[in-house]
Amino acid sequence: MQQASLLTARSVLGPPARVTRPVPAGDLRWLTAVAVVFTACLLASAVAASGLGWDETVYVSQVDPHTPAAFFSAPRARGVTFLLAPVAALTTSATVLHCYLAVLSGAALLLALCTWRRVLPAPVPALGGALFAGLWVTLFYGGQAMPNLWVGYAALAATGCFLRAVRQPPRQLAPRRDWRAAAGLAAAVAVAALMRPTDAIWLAVPLCAAALCVPSWRRPAVLLALPAGLALGCAPWVVEAYLSYGGLLARLHRAAQIQGGLGWHLTFDDHARALQGKTLCRPCHLSWEHPVTAVWWLVLPLAVAGAVWAALRAREPRGGLHGYGPAERSGARHPLGLAPIRPRSIGPDPDGPPPGCGRHGRGPAWPLVRLSDPRGPLHRYGPAPVVLPALVGLCLAAPYLLTVDYAAPRFLLPAYALLMMPAAWFLYWLTLLPRRRHAWAVAFLVLALLSHEVIQLTVWHTMVRSTARAQAGVERVATALRAAGVRPPCVVSGEEAVRVAYRAGCASRQPRGHDASVTPAGLARLGARRPVAVVVAGGQRPPAYARGWRRVTLPPVPDFGRLAAYVSSPRKR
């Protein structure tokens with residue numbers, strides 16, 4: 001009897017309709033607009049500052065076939081060199097490399113933001129992406145050959161793919177395994193590990209913990225994707241550790257030494273002061289002359305906390321079927337913010353079956369629900385997309401704020417990428433408050449955001465100009481050394497040795513410090529066979545092995561003042 005009724009129902013309904021989900025085009029246009037404007041800004045800075053920075057030179061020299069590779073220290077990973085290799089095989093022009101990275105960076109931002117479509121309300125990913133892309137740190141490093149921003153893109157994409165992969169389907173349907181989202185998760189974690197293995201660990205650990213702690217999130221695809229991506233991305237770094245550094249533990253120990261010795265170091269104030277426009281604050285004796293540049297840095301944790309608070313306190317009037325966990329009782333609070341709710345807008349659930357395929361084949365599959373509380377999670381996935389990026393972002397920021405005794409704004413780029421999502425959600429939530437009483441607050445919010453962006457663009461413009469001046473100074477120094485007879489095969493040591501040597505076509509060697517790769521006696525022996533230049537700054541005396549060498553006065557470089565080089569006179573063969 002039951003079988004007959006099922007057959008009858010099938011004959012009435014006809015062939016099963018294909019499940020289609022409406023794809024909002026408006027949010028994609030906004031995301032594309034953010035990425036295009038971001039790319040245009042990066043291209044402008046690539047043309048304005050046409051040289052390479054110190055770290056960039058290290059990475060580019062690894063794939064430049066015409067110049068000796070600079071010393072590759074233990075903390076560095078090969079991800080950036082892999083990224084540069086396709087273009088470096090054709091040209092190593094700094095302008096071309098920066099333009100290539102600018103376009104690639106804009107595409108990566110768009111791809112990372114697209115993973116958050118349907119996870120957060122449509123305006124939120126675009127607003128979060130605009131807030132992140134509008135930071136001077138993001139604009140300054142967007143087109144540079146540096147790994148931190150790429151870790152940020154990977155972290156943003158990994159968290160978005162994780163939320164898609166653990167999405168709980170309605171209980172009327174068979175369990176669905178989103179293997180595409182799991183594959184994206186593994187790829188994003190692998191990219192982060194290729195760029196900076198330690199950051200990738202701080203990314204994967206909270207995601208894995210969340211997958212294990214929430215029963216409905218224990219998906220085999222997710223639990224396999226996280227360690228697989230981490231192992232794949234870390235493999236080159238681990239192999240290189242055994243080939244060049246004496247083993248994995250030895251490389252980790254050396255990396256910690258170069259970082260100044262990891263320990264309990266509170267550097268909140270250092271990071272805040274570095275936002276005035278300092279790429280590296282080590283040691284951070286920088287005076288806080290422009291505290292307005294750090295206002296957003298102090299407000300960001302408050303916005304994230306407000307987003308988590310607002311998401312956790314939201315109630316669900318009718319229980320319902322959840323995207324990330326089982327249904328709760330009517331009016332119950334979301335446990336830990338991990339059990340989200342149905343859509344706020346009227347209409348069938350896009351994750352459910354098509355209309356007309358509900359119980360007994362009549363009507364929609366679920367009642368159409370409108371949330372009565374306008375301050376609710378604003379989306380069918382509820383608090384999880386707000387709580388999880390906040391948790392992962394804090395985990396990515398903690399090592400640099402608590403264990404490293406110096407500050408560099410680029411270190412926190414992955415954390416900023418994730419924390420901007422709940423912050424943008426909170427701003428969106430504020431705009432939905434009753435406008436009769438809070439219209440002035442919305443106007444103030446818009447004015448504050450515009451003022452914030454003006455400050456960020458001002459700092460970015462100042463940084464680009466100072467970088468261009470420094471790069472021009474390095475080029476003048478390299479030209480003066482070539483005129484003094486320092487030509488390949490040659491060696492440069494001392495101040496700014498990496499950049500000057502790369503511009504002059506020489507190898508860079510240091511007898512001391514983190515990049516020590518030769519002894520003083522070794523440099524003296526090299527000076528007897530080929531031109532060796534030791535660059536000193538500020539009227540300092542040359543090292544003992546170079547005191548008999550010829551002195552060459554060099555053009556000044558910003559931040560170094562007067563420079564001089566002591567050039568060896570190799571014996572003629």
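Throughout, numbering of the chain's residues begins at 1 and tracks the sequence.
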### Query
For the rings on Tyr428 and Trp425, is their centre-to-centre separation under 6.0 Å?
no
Please list every donor-acceptor pair under 3.5 Å in which a side-chain atom of residues 401-424 meets a protein atom from a residue at least two apart or in another chain.
residue: Thr403; atom: OG1; partner: Pro399; partner atom: O; Å: 2.3
residue: Tyr406; atom: OH; partner: Gln259; partner atom: OE1; Å: 2.6
residue: Arg410; atom: NH1; partner: Asn148; partner atom: OD1; Å: 2.8
residue: Tyr416; atom: OH; partner: Trp297; partner atom: NE1; Å: 2.8

### Nearest atoms (heavy-atom pairs only) where Met463 meets Lys278
SD-N, 4.4 Å
### Query
Would you find more than 12 non-hydrogen atoms of other residues, nucleotides or ligands less than 6.0 Å from Arg218 atom CZ?
yes
### Query
Is a side-chain N or O of Thr138 found less than 3.5 angstrom from the main chain of Gly134, in a donor-acceptor match?
no
### Message
Distance check, rounded to the nearest 0.5 Å: Leu111 atom CG versus Leu104 atom CG?
### Response
10.5 Å
### Query
Minimum heavy-atom separation for Leu84 to Ala145, with atom names?
CD1-CB, 3.8 Å
### Message
Quick check: do Trp116 and Leu163 have side-chain heavy atoms less than 4.5 Å from each other?
### Response
yes
### Task
Taking the side chain as every heavy atom from C-beta outward, state whether Val295 and His452 have any atom pair closer than 4.5 Å.
no
### Query
Please walk me through it: do Leu394 and Val304 pass side chain to side chain contact (heavy atoms under 4.5 Å, CB included)?
CA-CA 10 Å; Leu394 290 177; Val304 173; over 6 Å; no
Acceptor/donor pairs from residues 197-214 side chains to any protein atom, 3.5 angstrom cut, sequence neighbours excluded:
residue: Asp199; atom: OD1; partner: Tyr400; partner atom: OH; Å: 2.7
residue: Asp199; atom: OD2; partner: Arg196; partner atom: NE; Å: 3.4
residue: Asp199; atom: OD2; partner: Tyr400; partner atom: OH; Å: 3.2

### Message
Filter on salt bridge (charged side-chain N to carboxylate O under 4.0 Å, His left out), then keep only pairs touching residues 144-157, sequence neighbours left out; what's left?
### Response
none
Sequence neighbours left out, cut at 3.5 Å: what donor-acceptor pairs do the side chains of residues 382-391 make with other protein atoms?
none

### Task
Test Cys161 against every option in Leu185, Val119, Val222, Val189 by the side-chain contact (heavy atoms from CB on, under 4.5 Å) rule and name the one that passes.
Leu185
### Ala188 to Ala154 - nearest heavy-atom pair and separation
O-CB, 3.3 Å
### Task
Report yes if the side chains of Glu453 and Leu449 come closer than 4.5 Å at any heavy-atom pair, otherwise no.
no
#### Entry: Derivation and outcome, side chain to side chain contact (heavy atoms under 4.5 Å, CB included), residues Ser105 and Leu42
CA-CA 9 Å; Ser105 186; Leu42 298 185; 3.9 Å; yes
### Step-by-step side chain to side chain contact (heavy atoms under 4.5 Å, CB included) determination, Leu139 to Phe38
CA-CA 8 Å; Leu139 290 168; Phe38 177 61; 3.8 Å; yes
### Query
So, the side chain of Thr159 versus the backbone of Leu156: is there a donor-acceptor pair under 3.5 Å, distance only?
no
### Query
Ignoring hydrogens and geometry, is there a side-chain-to-backbone donor-acceptor pair from Arg219 to Ser216 under 3.5 Å?
yes
### Message
If you compare all heavy atoms of Thr39 against all heavy atoms of Ala35, which two are closest, and at what distance to 0.1 Å?
### Response
OG1-O, 2.7 Å
### Query
How about Phe162 and Trp217: are their ring centroids closer than 6.0 Å?
yes
Donor-acceptor pairs under 3.5 Å, side chain of residues 454-461 to any protein atom, not counting sequence neighbours: which ones?
residue: Gln456; atom: OE1; partner: Trp136; partner atom: N; Å: 3.0
residue: Thr458; atom: OG1; partner: Val454; partner atom: O; Å: 2.8

### Task
For Thr431 and Leu427, run side chain to side chain contact (heavy atoms under 4.5 Å, CB included): C-alpha distance rounded to whole Å, both residues' side-chain angles, the deciding distance at 0.1 Å, then the answer.
CA-CA 7 Å; Thr431 61; Leu427 295 179; 5.8 Å; no
### Task
Could you tell me the separation between the OG1 atom of Thr279 and the CE atom of Met146, rounded to the nearest 0.5 Å?
8.5 Å
### Task
Looking only at non-hydrogen atoms, find the nearest pair between Leu28 and Cys114 and report the distance.
CD1-SG, 3.8 Å
### Message
Any non-hydrogen side-chain atom of Tyr59 less than 4.5 Å from a side-chain atom of Leu97?
### Response
no
Please table the atom pairs, donor to acceptor, closer than 3.5 Å between any side-chain atom in residues 46-53 and protein atoms at least two apart or in another chain.
none

### Task
Would you confirm whether Arg164, through its side chain, and Ala182, through its main-chain N or O, come within 3.5 Å as a donor-acceptor pair?
no
### Task
Measure up the Tyr153 and Trp150 rings against each other and bin them: parallel (under 30°), tilted (30 to 60°), perpendicular (over 60°).
perpendicular
### Main-chain N/O of Leu101 paired with Gln144 side-chain donor or acceptor, under 3.5 Å
no
### Message
For Pro301 versus Leu298, what's the shortest heavy-atom pair and its separation?
### Response
CD-O, 3.4 Å
#### Entry: Nearest-0.5 Å distance, CG of residue Leu302 to CZ of residue Phe426
9.0 Å
### Summary
Separation between SG (Cys284) and CZ (Arg273), nearest 0.5 Å, reads 4.5 Å
### Message
For the CG atom of Leu450 and the CG atom of Leu445, what is their distance to the nearest 0.5 Å?
### Response
9.5 Å
